[in-house]
S.K.: 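Following this message is one structure expressed as structure tokens.
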Amino acid sequence: MRKEEINFQKSDNFNRTMIPGTFARKMRTCVIWQFIRFVAINIKMIVVVGKSH
Amino acid sequence: MARLVVLGGGVAGHTAATFAAKWLGSAHEVVVVTPNAKWNWIPSNIWVGVGQMTKEEVTFDLAGVYAKAGITYKQAKAVSLNPEGDTSSDKPFVTIEYTGQDKVGESENVEYDYILNATGPKLNFDATPGLGDGKGQMGDHTVSVCTADHAVHAAHKLQEAIEKMKKGERQKFLIGTGHGMCTCQGAAFEYIFNIEHELRKAGVRDMADMKWISNESFLGDFGMGGLHLKVGGYVVSSKLFAESLFAERDVEWLIGAHTSKVEAGKVEYELLDGSKGEEEFDFAMLIPPFAGVGIKAYDKAGEDITDTVFAPNGFMKVDANYGAGAYENWKASDWPRTYQNPTYSNMFAAGIAFAPPHIISKPMSSPNGTPINPTPPRTGMPSGIIGKAVAHSICDLIKKGDSAHLHEASMAEMGAACVASAGKGIFTGTAAAMTVYPVVPDFEKYPGTGRDTDYTFGEIGLAGHWIKHILHHLFIYKAKLQPGWTLIPE
Ligand SMILES: Cc1cc2nc3c(=O)[nH]c(=O)nc-3n(C[C@H](O)[C@H](O)[C@H](O)COP(=O)(O)OP(=O)(O)OC[C@H]3O[C@@H](n4cnc5c(N)ncnc54)[C@H](O)[C@@H]3O)c2cc1C
């Protein structure tokens, strides 16, 4: 059974929101993808920090 | 020679004092009055609270750093202010009571030309019966991660719970806010997901029932009225993302809740619809409400003027619009810009110590009249930026005289970057990396979301955890005034 099926059945609250599927979950800890995100997030944060000082 | 006295050696006070000492040099004096001997990188207390860091890793001794910076350090707490001096002198002074340096309990009057109140929050555990011990400290029924010592205690209790689960005893975890008027939901959010992560690592997740209890009217409010993020071509409320994470990690939620009483293994609560209920627990971490630290103020004749200098919640009045009235009238421009006290122009407040004009989230109360809404967060980045701006203003006033232009740092015009940990681990950790711009929504500029969605974003993943870990080292490096510290932004 897909992992998200387990939690969707647990409560109405859970059932009415979104739960990431296998691919989205894997990407969260995929080192190569996360390295790319690391660079992207840092750039975005530097822009916001720059606008705030 | 002018003297600047900074009350509080936390995020805002330490930032202000160290920059002021650098900008003023030895021609003027900077004094820090703070009751703590150690500086604490508070965000990493979360990792101390799950046994993933030690107290030593998140703290360091202040004395050496202040000696290096040429700052006079008094390990003491401010008790009262005399902004007009007293009958014997016109010179303003602050009365302090030592907590260390072999003078515990001794009082001293410290004269000042300028004063910055950066005393942060009083952790007001006693606002909820049973959450405190009745003497101003945390009670026995719950744990806290607000100080490094609290976090060490929490980690021991968590370990005990894990041992019980390993022996086959189910445990119920209740994490969130301990009162209807709490702020700092982000810290509780980090703690519940760090616990969840540790329970999975320990192989006991299936033995744990986890529940979030909070005064937010919707998940993902965080005391900021929530935020809207651009994801996959949509602009989406943080409610959906927060609920998604809770559902994914099997954490139930109870929101719009004012925790009214705490007993051994049980809390009582009132909900926004007026209904009341109880929730049992084996392990609970409930953030206390925050108040000002209770500094008094007296005029020259010795009359109590605390109400003139401080708001009823104990935070210091600054250049905010405190008369905005009903929610419909609230504007971004109500928020302070210079943090100067309106009565005494040589007095400023920064970080959590300044009195906000009103809350940020929509005000809510139950039909019984109980207010149940988050109070505004003043997180690390705004606290640091405000501390630095105020230090700049005071240095200019000292060097250029009373006509110097004051520096501005309105929370309605600055953004904040925030990384909320959801579990620690170099390859298994995750954190929600977020930016909001501006921190206080401006509905005149952005009528729908209150914020610029080009600069307000968030995503969860390992990259966020790496950033959180790097920030831990970077901010401790900066606070220790290591080479190049001024280049690291707040
Ligand atoms: C568990 C936890 C996790 C957090 N995580 C994050 C995060 O990830 N990101 C983020 O941006 N923010 C986070 N925050 C919020 C952040 O810690 C605060 O925004 C920040 O510390 C506020 O700075 P401050 O200087 O106003 O107060 P503090 O840093 O609390 O400093 C106040 C100082 O004043 C001193 N003091 C108290 N009473 C007196 C007195 N009478 N006289 C003189 N000094 C006094 C105190 O000892 C302390 O040194 C977290 C908070 C908590 C509790």
Side-chain angles (χ1 to χ4, degrees), chain A, chain B residues 219 236 239-255 381-382 384-385 388-389 409-411 413-419 422-423 425-431 433-439 452 454-467 470-471 489-490:
Chain A
M1 193 178 10
R2 285 173 188 270
K3 199 167 171 235
E4 55 272 26
E5 289 293 338
I6 300 169
N7 283 10
F8 269 135
Q9 63 160 10
K10 282 190 174 161
S11 75
D12 283 351
N13 275 342
F14 288 7
N15 196 271
R16 291 181 194 135
T17 185
M18 55 181 192
I19 296 182
T22 314
F23 180 72
R25 282 200 312 273
K26 282 262 178 295
M27 292 308 268
R28 281 195 196 154
T29 48
C30 163
V31 175
I32 297 168
W33 176 241
Q34 288 299 316
F35 181 74
I36 296 166
R37 297 314 302 156
F38 177 80
V39 175
I41 295 168
N42 270 295
I43 292 169
K44 287 183 178 187
M45 284 188 165
I46 288 166
V47 171
V48 172
V49 169
K51 270 174 83 74
S52 307
H53 276 70
Chain B
L219 267 189
V236 190
K239 175 177 186 283
L240 196 57
F241 283 97
E243 288 183 350
S244 171
L245 186 63
F246 278 70
E248 178 198 345
R249 305 276 285 263
D250 193 9
V251 178
E252 288 180 61
W253 62 83
L254 186 64
I255 46 170
M381 185 174 149
I385 292 177
K388 188 175 174 183
S410 166
M411 281 174 60
E413 286 166 20
M414 76 170 80
C418 189
V419 189
I426 196 79
F427 294 116
T428 58
T430 50
M434 288 177 279
T435 64
V436 280
Y437 187 89
V439 178
D452 187 336
D454 283 340
Y455 300 104
T456 301
F457 81 97
E459 68 178 68
I460 187 161
L462 181 59
H465 171 71
W466 291 337
I467 295 171
I470 291 169
L471 289 180
E490 286 64 50

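Per chain, numbering begins at 1; letters A, B, ... match sequence-line order. Worth knowing before you read on, the calculation uses all heavy atoms, side chains too, and leaves out hydrogens, waters and symmetry mates.
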S.K.: Under a 4.5 Å heavy-atom cut-off, does chain A meet the side chain of B/Thr428, its backbone, both or neither?
M.R.: backbone

S.K.: Chain A heavy atoms under 4.5 Å from B/Leu471: which part of the residue, side chain, backbone, both or neither?
M.R.: neither

S.K.: Under 4.5 Å heavy-atom distance to chain A, tell me which part of B/Val251 shows up: side chain, backbone, both or neither.
M.R.: backbone

S.K.: Can you confirm whether A/Phe8 is buried at CZ, in the sense that more than 12 heavy atoms of other residues, nucleotides or ligands lie under 6.0 Å from that atom?
M.R.: yes

S.K.: Using non-hydrogen atoms and a 4.5 Å limit, figure out which bit of A/Thr29 sits close to chain B: side chain, backbone, both or neither.
M.R.: both

S.K.: Going by side chain to side chain donor-acceptor pair (under 3.5 Å), name the residues that satisfy it together with B/Glu490, two or more places apart in sequence or in a different chain.
M.R.: A/His53, B/Lys478

S.K.: Looking only at heavy atoms, which two atoms of A/Glu4 and A/Thr22 are closest? And how far apart?
M.R.: OE1-N, 4.4 Å

S.K.: Given heavy-atom pairs under 4.5 angstrom as the criterion, report whether the side chain, backbone, both or neither of B/Ala416 touches chain A.
M.R.: backbone

S.K.: Please list, chain by chain and in numerical order, all residues satisfying side-chain contact (heavy atoms from CB on, under 4.5 Å) with A/Glu5, sequence neighbours excluded.
M.R.: A/Met1, A/Arg2

S.K.: Using a 4.5 angstrom heavy-atom cutoff, name the option from B/Ala463, B/Pro438, B/Ala433 with the most pairs to chain A.
M.R.: B/Ala463

S.K.: Give the member of B/Glu459, B/Glu413, B/Arg249 that has the highest number of heavy-atom pairs under 4.5 Å with chain A.
M.R.: B/Glu459

S.K.: Does the side chain of B/Glu243 reach to within under 4.5 Å of the side chain of B/Trp253, using non-hydrogen atoms?
M.R.: yes

S.K.: How are the rings of B/Trp466 and A/Phe38 set to each other: parallel, tilted or perpendicular (split at 30° and 60°)?
M.R.: perpendicular

S.K.: Mind checking whether B/Phe457 and B/Tyr437 have side chains closer than 4.5 Å, heavy atoms only?
M.R.: no

S.K.: Quick one: does B/Met414's side chain get under 4.5 Å of B/Val439's, heavy atoms only?
M.R.: yes

S.K.: For B/Met381, is it the side chain, the backbone, both or neither that has a heavy atom under 4.5 Å from a heavy atom of chain A?
M.R.: side chain

S.K.: At a heavy-atom distance under 4.5 Å, which candidate from A/Ile41, A/Val47, A/Ile46 has the highest pair count against chain B?
M.R.: A/Ile41

S.K.: Sort out for me which of B/Thr430, B/Asp250, B/Ile460, B/Ile385 touches chain A most, counting heavy-atom pairs under 4.5 Å.
M.R.: B/Asp250

S.K.: Heavy atoms only, distances under 4.5 angstrom: which of B/Phe241, B/Phe427, B/Tyr455 has the most pairs with chain A? Name it, please.
M.R.: B/Tyr455

S.K.: Please classify the contact between A/Val49 and chain B as side chain, backbone, both or neither, with a heavy-atom cut-off of under 4.5 Å.
M.R.: both

